[in-house]
Protein chains: 2
Amino acid sequence: MSVTDPTPVRVLLADDEHLIRGALAALLGLEDDLVVVAEAATGPEALAMARAHQPDVAVLDLQMPGADGVTVATVLRDELPGCRTMIVTGHGRPGHLKRALSAGVRGFVPKTVSAQRLAEIIRTVHAGNRYVDPELASDAIAAGDSPLTAREAEVLELSADGAPVTEIARRASLSPGTVRNYLSSAAAKLGAENRHTAVRLAQAKGWV
Amino acid sequence: MSVTDPTPVRVLLADDEHLIRGALAALLGLEDDLVVVAEAATGPEALAMARAHQPDVAVLDLQMPGADGVTVATVLRDELPGCRTMIVTGHGRPGHLKRALSAGVRGFVPKTVSAQRLAEIIRTVHAGNRYVDPELASDAIAAGDSPLTAREAEVLELSADGAPVTEIARRASLSPGTVRNYLSSAAAKLGAENRHTAVRLAQAKGWV
DNA sequence: CTGACGCCATGACATTTGTCAGAAGCGGTG
DNA sequence: CACCGCTTCTGACAAATGTCATGGCGTCAG
């Protein structure tokens, strides 16, 4: 039904790299049933473009200046329920997939797919179905759920830049002792020797 | 002279993201004077392809599995002196530019340029000229040279994953005390409170 | 050759961090 | 309601880390 559809799928492309975005727009434009109606280089720009052009499908890069793809998808789900969202990403961490799915994202693919394949997936998503890259999905399953409590994850994230405990405590409005306890238990749960390696592990799993 | 040249510029494309590589190949193929003779997804693959196809210009992504773009460029300079090399990168850190230039790279551009612009730069590079993105260049100048001595940088790099001092000492075959001295002086030079923030700073500047 | 500088190390000290025990409040769930 | 887990805190101790002074050894410029 799709390739001969008289009303083509209207696509929004958001990626901060002009090179990729332009090339992608050109390639997707070759498909008769797809039309790129808007492009954006940042999260806020993507939102503005979506509001202005009301696309059928928004193809969002995960890492963009301003607001990342999942954040944009969350807003779009509320503002434009008719717009399906999908995420493309370079290096997909397991946790991102979970975040994306709970933001109502219907497609999650790595940038290692071909443009042809991406076009098919856009059609799949537009038809109301979901598509998740099998490799990313299995990574996410293997990584499992975060063993961290909400505060543990929060404090761990605040310590990501290597700041001393007193600074983290200030940022989190907690006692330094509490911060140390959280960091200690978080590191123990992750099997890390100290909070710094714990941060790396949690980031690799996408839990922060 | 270029657009009507009867012998087009033979280009090698190396990027680990199929989506980008394919799209780029398609767009560059539209230029009459450019022909993409080979594609590669990893560093070693790029080398093998270059040896097999002897391209005029190698367009290399900075971050690839196996060997990064600068490493590939270094090898190519020795093995295929007739092949010009250029680097495209997503997030270019200042230090990378310096490394690239000393590896004989003649072009250094971010992925935020358009394909049209990239084609022009490929021609520039092929003609024997250099091209460096102005913004990346000014960043590199602003970042300046690394204030770290060779060992300071080495030890700092070994501590990048958050390992404890004893482990770093083992890896570097140094005394733990020496490691602490180096880390301390490195952090002082970088204006960091501890080695972890020092590592982040040095990485941001591209000094590690 | 002498002085400057980087490299490597040791030892001592203060500070920071990690670990543990304990305790209070709070929100669920059986 | 009793129980459990999460949150928050305190205090105390051990371990890791940061800081400083000091010394020997090599190399290189003046």
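Note: hydrogens, waters and symmetry copies are ignored here, and every other heavy atom, side chains too, is used.
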Below the 4.0 Å mark, does [N] have OP1 or OP2 next to a side-chain nitrogen or oxygen of [X]?
X        : N     : result
B/Tyr182 : C/dC8 : yes
A/Arg151 : D/dT8 : yes
B/Thr178 : C/dA9 : yes
B/Thr149 : C/dC5 : no

Which ones in residues 185-208 of chain B lie close to DNA chain D, meaning a heavy atom under 4.0 Å from one of its atoms?
B/Asn194, B/Arg195

Sorted by first residue and then second, give each ring-ring contact (aromatic ring centres under 6.0 Å, His included) pair with at least one member in [range]; sequence neighbours left out.
range                       : result
residues 56-80 of chain B   : none
residues 188-208 of chain B : A/His196-B/His196
residues 150-169 of chain A : none
residues 73-117 of chain A  : none

Please list, for nucleotides 11-15 of chain D, all pairs of protein and nucleotide N/O atoms separated by less than 3.5 Å.
none

Please check if any side-chain donor atom of B/Gln63 sits under 3.5 Å from a side-chain acceptor atom of B/Thr89, or the reverse.
no

Candidates A/Leu24, A/Val59, A/Asp56 - the one meeting side-chain contact (heavy atoms from CB on, under 4.5 Å) with A/Val11:
A/Val59

Rounded to whole angstroms, how far apart are CD on B/Glu152 and C1' on C/dC7?
10 Å

Over how many whole Å does the gap from A/Leu183 atom CG to D/dT8 atom P extend?
13 Å

Please identify each residue that fulfils side-chain contact (heavy atoms from CB on, under 4.5 Å) with B/Glu167, with sequence neighbours left out.
B/Ala163, B/Pro164, B/Arg170, B/Arg171

Residues that A/His18 engages under side-chain contact (heavy atoms from CB on, under 4.5 Å), provided they are two or more places apart
A/Arg21

Quick one: do B/Asp68 and B/Thr71 satisfy side chain to side chain donor-acceptor pair (under 3.5 Å)? Show the steps, please.
CA-CA 5 Å; B/Asp68 74 7; B/Thr71 308; 2.7 Å; yes

Should the pair B/Lys111-B/Asp15 be classified as a salt bridge under the 4.0 Å nitrogen-to-oxygen rule?
yes

On a heavy-atom basis, the closest approach of A/Ala103 and A/Val70 is CB-CG1, 3.8 Å

Residues touching DNA chain C, which here means a heavy atom under 4.0 Å, drawn from residues 166-175 of chain A:
none

Overall bend of the helix from C/dC1-D/dG30 to C/dG30-D/dC1 (five pairs an end, 10° steps) is 30°

Taking only residues two or more places apart in sequence, or in another chain, which ones meet B/Asp78 in a salt bridge (charged side-chain N to carboxylate O under 4.0 Å, His left out)?
none

Tell me every residue that passes salt bridge (charged side-chain N to carboxylate O under 4.0 Å, His left out) with A/Arg151, counting only those two or more places apart in sequence or in another chain.
A/Glu154

